[in-house]
Amino acid sequence: MKNFIKNYIAENYDNYVKDLEILTNIDSGNGDREGTEKANMFVKAKMEAMGAKCELRYNDRACHCISHLYGTGKNTIFLAAHVDTVFNKGEAAKRPFTIDEKNFAWGPGVGDDKATVVEVIYGLEAIVKAGFTDFKEIIYYTNGEEEGGSPTAEAIVNEFAAQSDFAIIMDVARPNWGIVTQRKCNAKYKITVQGIGGHHGNASQECANAIHQLAYTITELHKLASPMPGDPSEYTPAALAAKGIVDAGQFIPENTVNVGVIGSTNDKISVIPGDAFCEVNIRCFKVSEMERINKAVHDLENKIVIAGTKVTITGGMVTGPMQKTAESQKMIDVYSRIVKEEFGGTVSEWVAGGLTDGNRVAKHCPTLDALGIENYDEHSDHESADLNTVIPRTTAFALTLAELAETF
């Protein structure tokens, strides 16, 4: 069976590229219901051709596809990828799918996540053609709203991940056999300060500057963050590569605090502002740290340095972390061994501050993340997918899936 899977994937490389071209040239930006429907109809047709039962779910912004393959084994497996991109309608016509002399593919969403959407199709097709049925069910969810998130997408993930014995998140891979084994949680807060406005010169003794209080509160927020490693210019991908350092996310601080939005209704320098607000994003690798920081954030309501102001803080954790567990380590070990045996490669374990469906799935079942095709500069007009990684990455995914289905 192993040799059949390997040969099938290698022999169908040209078909893979043709399908990737078709999918990349479909505009399916986040929020484009028609485009995500067209992309997921492509997926649906491919999955039904191999015997899957497919369902489409809609909201006013997207189409979602859930494909079900049924076998004779014991494990239910959840796979997730996404067809939506960050690009507007018309982008595919401006810069359609192309391949350069280094065998890199270019086009909107080609790497994030369309190359991987097609990877899953060919990996599953190889398993089916090999006659492998030692699984109870494989659920392949192609999300139409991964880039922005939505209650619809989250409900689908929670529904099917809760039914599964393990999950593989087929999002973009890191270079050189990199996968992601930990992701930060995501917490959001809004801090509102009510002060007493008035004329700066004539009524300052009657006023309370809301912005000054907010500045103090932000300074206290900053103290909750882990220290940064040093001068930012020394930690760019280019700077690390120049030093011979392989970046695997190891310099990402454990806890990060970002004040991303700040404002006040006041727009005159001679007026003492009576209101101010900011919006804050906090991310941590550990639930215990998020719980500790969440308490500290809300405690700032009681730390008033400008008499006459009132601080109100709302919010908390939105999405939990993807933590590495003993069960997920078993999955990592299987993938790492297969990569070593079949391709002589060494898997690099990355940590990430960004979120994927892996964060949502991990609260339900053991999760392996970022087994996609390797890509570069996603979300930009020079995004590319390394087609040289298609055969090895697809083969490693398929063999890992089959072994875990039998043994997990």
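No hydrogens, no waters, no symmetry mates; every other heavy atom, side chains included, goes into these values.
- For Asn176, the CG atom is loosely surrounded, since the number of other residues' heavy atoms within 6.0 Å does not exceed 12.
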side-chain hydrogen bond (donor to acceptor under 3.5 Å, both in side chains) evaluation trace for Thr367 with Ser328 | CA-CA 6 Å; Thr367 303; Ser328 63; over 6 Å; no
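- Seen from the ring of Phe4, Lys129 does not count as a face-on cation partner, given the 6.0 Å and 45° thresholds.
- Ring-plane geometry between Phe160 and Phe78 is classed as parallel, the angle between the planes falling under 30 degrees on a 0 to 90 degree scale with a further cut at 60.
- The minimum heavy-atom distance between Gln213 and Lys303, with the atom names listed, is NE2-O, 3.1 Å.
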So Tyr216 and Thr309, side-chain contact (heavy atoms from CB on, under 4.5 Å) or not? Walk me through it.
-> CA-CA 12 Å; Tyr216 169 80; Thr309 62; over 6 Å; no
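- Ser264 places no side-chain N or O within donor-acceptor distance of the main-chain N or O of Ala276, the cut-off being under 3.5 Å.
- For the pair Asn359 (side chain) and Lys184 (backbone), a donor-acceptor distance under 3.5 Å is present.
- A side-chain hydrogen bond (donor to acceptor under 3.5 Å, both in side chains) with Thr142 is found for exactly one of Asn40, Asp84, Asp113, namely Asn40.
- Between Trp177 and Tyr335, the two ring planes are perpendicular [angle over 60°; tilted spans 30° to 60°].
- Closest of all the heavy-atom pairs between Gly123 and Ala398 is O-CB, 3.8 Å.
- A cation-pi geometry, defined here as NZ or CZ lying under 6.0 Å from the six-membered ring centre and within 45° of its normal, does not hold between Arg57 and Tyr141.
- Considering every non-hydrogen atom in both Val128 and Met50, the closest pair reads CG1-O, 3.8 Å.
- Atom NZ of Lys268 sits in a sparse spot, with 12 or fewer heavy atoms from other residues, nucleotides or ligands closer than 6.0 Å.
- By the 4.0 Å N-to-carboxylate-O rule, Lys188 lies too far from Glu279 to be salt-bridged with it.
- Between Asp333 and Arg337 no salt bridge is recorded (no basic side-chain N to carboxylate O distance below 4.0 Å).
- His364 NE2: more than 12 foreign heavy atoms inside a 6.0 Å radius.
- With no hydrogens or angles considered, no side-chain donor-acceptor pair links Glu374 and Thr389 at under 3.5 Å.
- Using modelled atom types, one side-chain atom of Asp27 and one backbone atom of Ala92 make a donor-acceptor pair closer than 3.5 Å.
- The two residues Cys207 and Ile196 come nearest to each other via the heavy atoms CB-O, 3.1 Å.
- Under a 3.5 Å cut-off, the side chain of Gln182 and the backbone N or O of Gln323 do not form any donor-acceptor pair.
- Checking side-chain atoms of Lys53 against main-chain N and O of His68 turns up no donor-acceptor pair under 3.5 Å.
- The minimum heavy-atom distance linking Met322 with Thr181 is given by the pair CE-C, 3.6 Å.
- Although no hydrogens or angles enter the test, the distance criterion places no donor-acceptor pair under 3.5 Å between the side chain of Asn186 and the main chain of Arg283.
- Each of Leu355, Thr356, Val351 was scored for a side-chain contact (heavy atoms from CB on, under 4.5 Å) with Arg183, with one residue passing: Thr356.
- More than 12 heavy atoms of other residues, nucleotides or ligands shown are found within 6.0 angstrom of CD on Gln163.
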Derivation of the side-chain hydrogen bond (donor to acceptor under 3.5 Å, both in side chains) call for His64 and Glu55 | CA-CA 8 Å; His64 301 258; Glu55 56 177 311; over 6 Å; no
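- The only member of Asn15, Asn12, Thr394, Asp19 that meets side-chain hydrogen bond (donor to acceptor under 3.5 Å, both in side chains) when paired with Tyr122 is Asp19.
- Around NE2 of His222, the count of heavy atoms belonging to other residues, nucleotides or ligands within 6.0 Å does not exceed 12.
- If you take CD1 on Ile211 and CG on Asn266, they are separated by 6.0 Å, rounding to the nearest 0.5 Å.
- In this structure, Asp32 pairs ionically with Lys89, as a charged nitrogen and a carboxylate oxygen lie closer than 4.0 Å.
- Looking at Asp112, its side chain never comes within 3.5 Å of a backbone N or O of Val172 through a donor-acceptor pair.
- Under the side-chain contact (heavy atoms from CB on, under 4.5 Å) rule, Asn294 has a single partner from His298, Arg292, Glu291, which is His298.
- The neighbour count for Met1 CE, taken as heavy atoms of other residues, nucleotides or ligands under 6.0 Å away, is above 12.
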Would you sort out whether Ile191 and Thr312 count as a side-chain contact (heavy atoms from CB on, under 4.5 Å), showing the intermediate values?
-> CA-CA 6 Å; Ile191 300 176; Thr312 302; over 6 Å; no
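- Glu301 and Ile313 make their closest contact through OE2-N, 2.7 Å (heavy atoms, listed as atom of the first residue, atom of the second, distance).
- Salt bridge status for Glu145 with Arg61: present, with a side-chain N to carboxylate O gap under 4.0 Å.
- Atom-to-atom distance recorded for Ser67:OG and Lys44:NZ is 8.5 Å, nearest 0.5 angstrom.
- Side-chain atoms of Asn255 do not come within 3.5 Å of backbone N or O of Cys284 as any donor-acceptor pair.
- The existence of a salt bridge linking Glu91 and Arg95 is confirmed by a sub-4.0 Å separation between a basic side-chain nitrogen and an acidic carboxylate oxygen.
- From Phe285, atom CZ reaches atom NZ of Lys324 across 12.0 Å, with rounding to the nearest 0.5 Å.
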